[in-house]
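Notes follow the structure.
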There are 2 protein chains.
Amino acid sequence: MDSKEKILIEAKLLFAQKGFAGVSMRNLAAAVDMSVAAIYHHFPDKNSLYLEMMRYAFTDKSQQLTRLWYSGESAEDKLRNFVKLMIEMLEQDPVFDRLIQREIIEADPKRMQILATDIFNNQFCYLLELIAEISPKTDTHLTAVSVLGLIKYHQEIKPLRHFWQGWKPEHEHADVIADHVLNLLLNGIQNGNNSEKK
Amino acid sequence: MDSKEKILIEAKLLFAQKGFAGVSMRNLAAAVDMSVAAIYHHFPDKNSLYLEMMRYAFTDKSQQLTRLWYSGESAEDKLRNFVKLMIEMLEQDPVFDRLIQREIIEADPKRMQILATDIFNNQFCYLLELIAEISPKTDTHLTAVSVLGLIKYHQEIKPLRHFWQGWKPEHEHADVIADHVLNLLLNGIQNGNNSEKK
DNA sequence: GTCTATATGGCGATAGAC
DNA sequence: GTCTATCGCCATATAGAC
């Protein structure tokens, strides 16, 4: 395999786990079984390596989703499939998931706009249309963010949740989480008993 | 002011901004205008300082919440107040919010267990009981995580959301978000039209 | 392209004076 | 309780041989 790509793959893993400040060039060199100097042959400095890794990690994540929006299914089935696909994607590539989280918390203004507009906004618009169809009365922007939040948070909290009461092994399975999230979205937590309301 | 408390206050700010690995004892010493050795007089090492800062940052928060659990209100009103209080707390103290985010993402195994059990678990248990009362049929653990996710994600995504379609200035207000989250939790997104279901 | 060796400086933590 | 001075180590980055 190409040495440069090997470095990028390992860098993605390490930076996602430990953050920019938490990963040393020595750590990375050890992980790819090379010397530090060999890495500096491929990248001018640590910062450039990080940026190039980000570009590498973000390529072609949206193809699977786009196929979904153009399927001929009903709006509710599309939402069902969207939630399931997103949860599966995050579970399948947790490294990618953590990288997004890192970027949001670091909140570098330049990178932030690229991330928001170039990568996420397109998919967000499809989701908005879908929600407008299913639930025209609600604020579609807020609801779309809630849908993403439910999907994202269950993944995000995985390191903590098994310490908490009521945890079961099945709570780690993508389809169990997907079913729960979809049920909550479509019915709330009262399971059909949503009478009393102002 | 007490030197130790001054250190804790500044440490909270710095660790929230830059993370554990991103803050050196020298940075902190400069921020409180003391020597590094003076800090080591109050704390045995960097890790202990961090843990004590976390406990310090959480004490007043859990007091507010605990008062809420022992109020004589109905379960649904308690949930309503919990969501509102949490959103207000996160908005009012964004440093605290970032601290949680940092902690979850850094997921240091040693710190994780202490924080998850010592600090979060108590409040989580109250939330579990509440949900068990409101919605006995659902999986309470998953539902509690969803409640936290809805609250947390709307705050977490703030740096990104205004780039996305459908955003309005009012989406930044705590009470608008709280109303939206509560409506979603109690009714789902279909607004009472939750008939068709497997 | 990859290595060994090294320059230069910041890191966590400690010793001991005041 | 706070300081100055220092230890030993690890950080980023470079030089030059192969």
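Hydrogens, waters and symmetry mates are skipped; everything else that's a heavy atom, side chains included, is used. Letters A, B, ... are given to chains in the order of the sequence lines, protein chains preceding strands, and every chain is numbered from 1.
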- Query: Looking at A:Glu52 and A:Lys4, does any basic side-chain N land under 4.0 Å from a carboxylate oxygen?
  - Reply: yes
- Query: When you check the phosphate oxygens OP1 and OP2 of C:dT4, does a side-chain N or O of A:Ser35 lie under 4.0 Å from one of them?
  - Reply: no
- Query: Thinking salt bridges, do A:Lys158 and A:Asp97 make one under a 4.0 Å N-O criterion?
  - Reply: no
- Using atom CE of B:Met25 as one end and atom P of D:dC3 as the other, report the distance to the nearest whole Å. 14 Å
- Quick note, B:Ala37 side chain, CB onward, closest among C:dA15, D:dT2, C:dA13 is C:dA15
- Let me know the distance between CZ of B:Phe43 and C1' of D:dT2, rounded to the nearest Å. 15 Å
- Task: Among C:dA13, C:dT2, D:dT14, find the nucleotide with the atom closest to the side chain of A:His41.
- Result: C:dT2
- Item | Euclidean distance, atom NE2 of residue A:His42 to atom C1' of C:dG1 [Å, nearest integer] | 6 Å
- Item | Rounded distance (Å) that lies between atom P of C:dC11 and atom CZ of B:Arg26 | 6 Å
- Message: From CG of A:Asp45 over to C1' of D:dA11, roughly how many Å is that when rounded to an integer?
- Response: 14 Å
- Task: Return the value, rounded to whole Å, for the distance between atom CE of B:Met34 and atom P of D:dC3.
- Result: 7 Å
- Task: Between A:Lys46 and B:Lys4, name the one whose nearest nucleotide on DNA chain D is closer to the 5' end.
- Result: B:Lys4
- Whole-Å distance separating the OH atom of B:Tyr40 from the P atom of D:dT4: 17 Å
- Item | Pair B:Asp33 + B:Lys6, salt bridge at N-O below 4.0 Å | no
- Task: Looking at every strand, decide which applies to B:Ser24 at a 4.0 Å heavy-atom threshold: base, sugar-phosphate, or nothing.
- Result: sugar-phosphate
- Query: Base, sugar-phosphate, or nothing for A:Val32, non-hydrogen atoms under 4.0 angstrom?
  - Reply: nothing
- Quick one: are A:Leu127 and A:Leu148 in side-chain contact, heavy atoms under 4.5 Å? yes
- Message: Just verifying a value: how many Å separate B:Glu172 CD and B:His154 NE2, rounded to the nearest 0.5 Å?
- Response: 11.5 Å
- Item | Spacing of B:Lys6 atom NZ relative to D:dT2 atom C1', expressed in whole Å | 13 Å
